[in-house]
There are 2 protein chains.
Amino acid sequence: MTDINTKSTDSPTENDEETTSPVSLSGKHEHILTLMELFYFAYRDFTGDGDEVLAKIGYGRAHHRVIHFVHHYPGLRVAELLSILKITKQSLARVLKQLVDEDYITQKPGQQDRRERLLYTTQKGQELATQLAKPQINRFEHSINQLSKKEQETVEKFLFSLIQQGNRHDVINLMAQNGHEPYSDISKKHSSKSALKKK
Amino acid sequence: MTDINTKSTDSPTENDEETTSPVSLSGKHEHILTLMELFYFAYRDFTGDGDEVLAKIGYGRAHHRVIHFVHHYPGLRVAELLSILKITKQSLARVLKQLVDEDYITQKPGQQDRRERLLYTTQKGQELATQLAKPQINRFEHSINQLSKKEQETVEKFLFSLIQQGNRHDVINLMAQNGHEPYSDISKKHSSKSALKKK
DNA sequence: CAAAATATGTCAACATGACTGACATAAATA
DNA sequence: TATTTATGTCAGTCATGTTGACATATTTTG
């Protein structure tokens, strides 16, 4: 009941047998749903940022993600990348192979464990990574600059807390590689048995 | 310079011809990059929430998105859905057809404009929508509950500001259908020529 | 040291969900 | 009446995800 669509007259007058009562049954969580949608819209536009550049070289968003993480975490192992992206080996192999073949990424055996193939961006890869990152960084910079330091921390805390419990250690460990301090509550104990970290 | 990977000994000693200097050349925007990654990880886990339920009925995330928006905005027009999802008609048609055929969604001609096919969830569709929403709502609720009212507004403002300029009106107009007030700065003027709103 | 475990790569086959571009219909509008 | 609009549909293609099996090199373990 109660009509919603200010837009097109809605309120199915006839043949409303099985349609729902227009207004959000979700009423109770209306505010949360709205926030979820803002999150969705933000991500939708965020991921679109690199598309033009990618299209020019025949790459997709999967390539973008790979090159981003390899660029930001040089020496990343394949297993770590898989854990970050949460896709299958085969899925990664396809895009990674292209990136390696086309000289955006190189692989080097680890020194301690020579089974590992540590990933690095080449000069060419760095240039691409930088180009792809530009619009996304701008987007985030504009948004974050409208916030106070304290507010920025709030956002950071919020985003971190949205991450699946079991994945937070991995994220912390990953980011620690670039000198980042842990996040609030989580980093109290644990820190070993991560799916990301080495052995 | 400066070594990064605490993990596996990195620092490519030999054959480091074209690999990059390990540490983030991105140094300047290190903090922004980290925030972007948190955003990515949060979204990654958020979207995974419905997977089990979806798998049981042979649906994918595309179905989830469609049923979510139709459920939350009963009477949605196809054109609005296309504008929300930013995919092509054919892409939408495929999943929408399945949802209609399998009685999760029904279509009714608009009263004013009978060319329109207003979308509504059926009883069955509502149940599915509710089930799919549950884990995501829980995720957001937990996170948002850790914040003060003021902090919640900060997060909302931040997410909204991440949305592409040209798309913000559409989002506002869409959400207004469920009685939501505009967001901060943006809603000063404009409000007509939206890609979403009716004629 | 031999056996088991690990890190990675690869192959074949397949599913989902995007895309393009063309064309059709019904209904609203100029 | 002619045009535009909202929607649907067809054919074909591509990007990216999946499974499961198997191969190789290397490290770790009993």
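Computation of the quantities below employed the complete heavy-atom set of this structure, encompassing side-chain atoms and omitting hydrogens, waters and symmetry-equivalent molecules. A, B, ... follow the sequence lines: proteins, then strands. Residue 1 opens every chain.
For the helix from C:dC1-D:dG30 to C:dA30-D:dT1, the end axes, each set by the C1' atoms of five terminal pairs, are bent relative to each other by 30° (nearest 10°).
Counting heavy atoms from C-beta outward, B:F158 and B:L35 have side chains that approach closer than 4.5 Å. No side-chain heavy atom of A:E151 sits under 4.5 Å from any side-chain heavy atom of B:V155. Using a 4.5 Å heavy-atom cutoff, the side chains of B:I67 and B:T121 are in contact.
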(request) Evaluate the side chain to side chain contact (heavy atoms under 4.5 Å, CB included) criterion for residues A:F69 and A:L85: first the C-alpha distance (whole Å), next the side-chain angles of each, then the deciding distance (0.1 Å), finally the verdict. (result) CA-CA 9 Å; A:F69 283 107; A:L85 302 174; 4.2 Å; yes
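For the pair B:R114 CZ and C:dT25 P, the interatomic distance rounds to 18 Å; values are reported in whole Å. Here the P atom of nucleotide C:dT25 and the CZ atom of B:R115 are 17 Å apart, to the nearest Å. Atom CG of B:L54 is separated from atom C1' of C:dG17 by 14 Å (rounded to the nearest Å). Look at CG on A:L118: it is 14 Å from C1' on D:dT26, rounded to the nearest Å. Separating the CZ atom of A:R117 from the C1' atom of C:dG9 is a distance of 8 Å, rounded to the nearest angstrom. Look at CZ on A:R77: it is 21 Å from P on D:dA25, rounded to the nearest Å. The nearest whole Å value for the distance from the CD atom in B:Q112 to the P atom in D:dT5 is 19 Å. Rounding to whole angstrom units, CG of residue B:L96 and C1' of D:dA6 are separated by 14 Å.
Sorted by first and then second residue, the salt bridge (Lys or Arg N to Asp or Glu O under 4.0 Å) pairs with a member in residues 38-66 of chain A read A:D49-A:R139, A:D51-A:R61; sequence neighbours excluded.
With C:dG9, C:dA7, C:dA28 as the choices, the nucleotide that has an atom nearest any side-chain atom of A:V78 turns out to be C:dG9.
Other residues, nucleotides and ligands contribute over 12 non-hydrogen atoms within 6.0 Å of the NZ atom of A:K86.
B:K124 places a side-chain N or O within donor-acceptor distance of the main-chain N or O of B:E102, the cut-off being under 3.5 Å.
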Extract from the structure each pairing of a protein N or O with an N or O of nucleotides 18-23 of chain C at less than 3.5 Å, listing the distance.
| unit_1 | atom_1 | unit_2 | atom_2 | d |
| --- | --- | --- | --- | --- |
| C:dA18 | OP1 | B:R65 | NH2 | 2.3 |
| C:dA18 | N7 | B:R94 | NH2 | 2.5 |
| C:dA18 | N6 | B:R94 | NH1 | 3.3 |
| C:dC19 | OP2 | B:T88 | N | 2.5 |
| C:dC19 | OP2 | B:T88 | OG1 | 2.8 |

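Taking the six-membered ring for Trp and thresholds of 30 and 60 degrees, A:H68 and A:H72 have ring planes inclined between 30 and 60 degrees apart. The aromatic rings of B:F39 and A:Y43 sit tilted relative to each other, their planes meeting at an angle between 30° and 60°.
An OP1 or OP2 oxygen of D:dA15 is reached within less than 4.0 angstrom by no side-chain nitrogen or oxygen of A:H63.
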